[in-house]
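Here the structure is laid out as C-alpha cells; the discussion comes afterwards.
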Amino acid sequence: MFPELNSILSSSPDSFRTGDFIVLSDRQADASFLIHHYLSFYLRAGCKVCFLGLVQSFSHYSAVSQRLGVSLTQAREKGQLVFLEGLKDSIGVISQEESSQSKLPLSYLRSPGAGLECLFKFVESSVRQNGENEDGEKWGPPVLLIDDLSVLLSLGVSAGAILDFTLYCQATICSELQGNIVILVRREEEDVDDEGSNLLQKGVIHQCSLALHVEGLPTGYCRDIHGQMEVWWRSREFAMYNQRKMFHYKVHDKGASFFARGTSSAVL
Amino acid sequence: MLLNIVHGTESGGFIVIEDTVKYSGREILKCFINAALKRGEDVHVMGFETSEAELRAGLDSSCVQKIHFHKGHPDPLGWTCKSSFTVQQFTTRDITRLVQNTPYNKASVLIVDSLSFVLRHHQPVVICQRLQELKKVGVVKTIVGLLHSDLHLQGVVESVCHLANAVISVAPANNEHCGVAKTTRRTKSGKLMQEEEYFDMSEDAALSVQTRPHQPGHVQTEPDKPKADPTSNLTFNLRLSKKEKEAKEKVALPFVFSQEKKSALLRPTPGSGRITYEPDANDDFDEEDPDDDLDV
C-alpha cells in the first residue's frame, strides 16, 4: 500500500471508512497500481477479501503484493483471501470439460445475455463465509475487489447487466455487511465513443462514494511524473463533498509516490 | 418556482428530477418526501437504487412512520427473493393495487428512485405509457421520479420529460457548496415557464433557495441605487455645451474612409505625375475602367 495515498484519503489499515464504494478509472493510462494498493491495504487491515481477478493470473498479483510486503498465497491458505482466477477458470467453462459447481460464476462466458446473477451469488457466498484468523478473531468487514469490470463488456455482457451486478454487490456488501467495494473500470482510446463503455463508467460513478481517475499528463510524456490522478469525494458524509483534487504520481519498484501538482522532486 | 413545486403549491402531476454524475438529485427527492409528509399526504416510495435507511436519513422523524417503502432495494430483480417489490412489478395495475391497499389513503405521492433503473429494465415506450396511465387513473396525485440523464440516450430522456408537468435539472454551482436548479414547468393551459435558481440543502432535508450564490442564506432584491454623476463636484469643467456637442459630432475621424476623403484622393492634385499610355497596334485597348465594378 502507498502511504502517501493513505494520507490523501485520510485512511489507514487501522482506521478506514466502511460502507465505501470506490471506483478506479483510467483513460490512456493504467490504474491497476491502485488495485495493488487496495489489495495490500485491506489484507493488512485484516479484512476478508474477495478478489475477482479477471485480467491477470494469481501469480502476477502475488508477485506485486510480495514487493508491497503482503503474501497472497498465505492469505489464501488462511482463508482471508478468496481469489477468482478468471483467466485460468474461463478455459474450462468455454470448453465445457468440467461441469462442476465451481465453474458457475463464469457462466456469463457461455451465455452473456443472461446477466451476472451467478457471479453475484459467488461473491455473496464468499463474503458471507465466516472465518477466523490465527488469533481466533473474526476477519474484519468484507471487501470486494474487481480487476477489471470493463473486460466484461468485451465479453458480451451488457452495460445494464453489469450495473445491476454492481448494485447488488453494493446492497449486500456496503449497505448490509458494512464492507467496502473497489472496482477498476478501464477505457481504451477506441472506446471513447463507445456507448456501452460510457454508460458503464457513468453508471458506477453514480453509485460510488469515492472516484479516483488516472490519466496521462495532458502535456505529454514525462520521465519523472507518470501521470495525474483526480480524487473525487462523492459521498455526502465527506467534508470535501463533491470536490475534486488533482495529484501527480510516479510509480516505482516498491510503490508509488503522490504529490501536489508542480511539486515533483525532479522539478523542485 | 422550485420551492412552489416542492411544497406542492402547484397541484400534482408528474415531476422529473434530472441529474448527472456532477450533482446528485437525490437530496431534492428527499425534500419532496419531507414536504409531502408535512402536508399529511401518503408517500409511497419505490426504492430500487438506495436503501430504505439512506432515504429515511434526515427526514422528520415524527412523520417518518407515514412513508410506505416498497422495498425494491436490496433485491430489485428478485435474485435473492428478499424484496417485496421487483422492477417487473412496475405496472399500472400493480402500483394501483399497492396504493389502494394502504389504509386511509389520501392524496398519494409516488416517489420513484430511480426512473433510470426502471427504464433500464423496460422499454421506454412502455414506461411512458404506464406513467401516463397512472396520471389518468388518478389514484396517485403526484409522481416524482429521479432520472440520471447521462445514463440514457437523449431521445429517451426527452420523451420522459415531455410527459412531465415539471422538470428540475440540477447541476453544481461553480465553486460553491450549493447547486443550481433549472426548473421548467408546463401549466394546464400549455404555457411554459422556466427559472434558474441556486439552492442549498440543510441536514433535515429542508430546501432553501438563494437568488445570488455569493450571499448564502439571503433572498434579497436590492433596489437600484441612483447612479452617481461623475462630472459633478469637480474643480474643472467636463461638461459640453450644446454648440460644443454639435461641433464634436461634425469632426471627421482620421481613419474613417468617408466619401469626401475618397474623392479628395482620386482628384489629381496639381503638379503630380501623369501617366500617358500610347497603345501599340497589337494591343487590345479597352476604354472601360477595369476597376469599375469595385465597391470602393
Side-chain angles (χ1 to χ4, degrees), chain A residues 19 21 23 25 114-125 128 158-178 185 195-209 211 213 230 232-244, chain B residues 19-27 30 47-55 57-58 71-83 86-87 113-114 116-122 146-154 156 170-179 200-203 205:
Chain A
F21 185 129
V23 168
S25 57
L116 298 170
E117 188 178 340
C118 299
L119 188 61
F120 167 69
K121 295 229 159 103
F122 168 80
V123 167
E124 194 189 15
S125 62
R128 285 197 199 274
S158 69
I162 302 177
L163 289 175
D164 289 338
F165 167 72
T166 52
L167 184 70
Y168 265 84
C169 290
Q170 187 181 24
T172 308
I173 298 175
C174 295
S175 304
E176 190 191 326
L177 300 171
Q178 287 298 302
V185 182
E195 267 181 56
S197 187
N198 268 332
L199 175 61
L200 177 62
Q201 188 163 31
K202 293 228 158 83
V204 286
I205 293 186
H206 264 288
Q207 292 174 359
C208 78
S209 57
H213 181 69
E230 184 192 66
W232 189 357
W233 286 272
R234 288 191 46 86
S235 165
R236 281 227 163 221
E237 293 164 29
F238 287 118
M240 306 256 303
Y241 168 64
N242 218 21
Q243 289 194 42
R244 305 200 214 190
Chain B
D19 72 355
T20 60
V21 279
K22 294 185 186 151
Y23 199 92
S24 171
R26 198 159 274 121
E27 300 302 319
K30 276 195 189 174
F48 297 114
E49 282 188 357
T50 36
S51 62
E52 184 178 339
E54 214 181 302
L55 279 176
K71 285 192 191 175
H73 194 279
D75 184 22
L77 299 171
W79 286 356
T80 54
C81 307
K82 270 186 204 170
S83 74
T86 63
V87 77
D113 177 13
S114 66
S116 290
F117 187 84
V118 176
L119 285 167
R120 215 159 68 207
H121 293 278
H122 291 278
L146 178 63
L147 185 67
H148 306 303
S149 57
D150 47 4
L151 295 185
H152 305 280
L153 294 173
Q154 201 188 6
V156 172
V170 292
N174 294 334
N175 301 326
E176 296 286 332
H177 290 288
C178 53
D200 200 1
M201 216 88 54
S202 66
E203 296 237 336

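Numbered from 1 within each chain, the chains take letters A, B, ... in sequence-line order.
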Check step by step if side-chain contact (heavy atoms from CB on, under 4.5 Å) holds for A:E124 and B:T80.
CA-CA 10 Å; A:E124 194 189 15; B:T80 54; 4.0 Å; yes

Using 0.5 Å steps for rounding, measure from the NZ atom of A:K202 to the NE2 atom of B:H152.
12.5 Å

Less than 4.5 Å apart, side chain to side chain, heavy atoms only: is that true for A:N242 and B:P172?
yes

Turns out that what part of A:L163 lies under 4.5 Å from chain B's heavy atoms comes down to both

Should A:Q201 and B:V21 count as side-chain neighbours, where that means a heavy-atom distance under 4.5 Å?
no

I'd like to know which of A:R234, A:E176, A:Q243 tops the heavy-atom pair count under 4.5 Å against chain B.
A:R234

Heavy-atom contact with chain A under 4.5 Å, split by part of B:T50:
neither

B:K71 NZ: over 12 foreign heavy atoms closer than 6.0 Å:
no

When rounded to the nearest 0.5 angstrom, what distance separates CZ in A:F120 from CG in B:L77?
10.5 Å

Which atoms of B:E54 are under 4.5 Å from chain A, going by heavy atoms: the side chain, the backbone, both sets, or neither?
neither

Output the distance between atom NZ (B:K22) and atom CH2 (A:W232), rounded to the nearest 0.5 Å.
7.5 Å

Where do A:L167 and B:F48 land on the side-chain contact (heavy atoms from CB on, under 4.5 Å) test, with the steps shown first?
CA-CA 9 Å; A:L167 184 70; B:F48 297 114; 5.7 Å; no

Residue part contacting chain B, namely of A:Q207, when any heavy atom lies under 4.5 Å
neither

Steps toward side-chain hydrogen bond (donor to acceptor under 3.5 Å, both in side chains) verdict (A:H206, B:D150)
CA-CA 10 Å; A:H206 264 288; B:D150 47 4; 2.9 Å; yes

Within the structure provided, determine whether A:S175 and B:H73 are in side-chain contact (heavy-atom separation under 4.5 Å).
yes

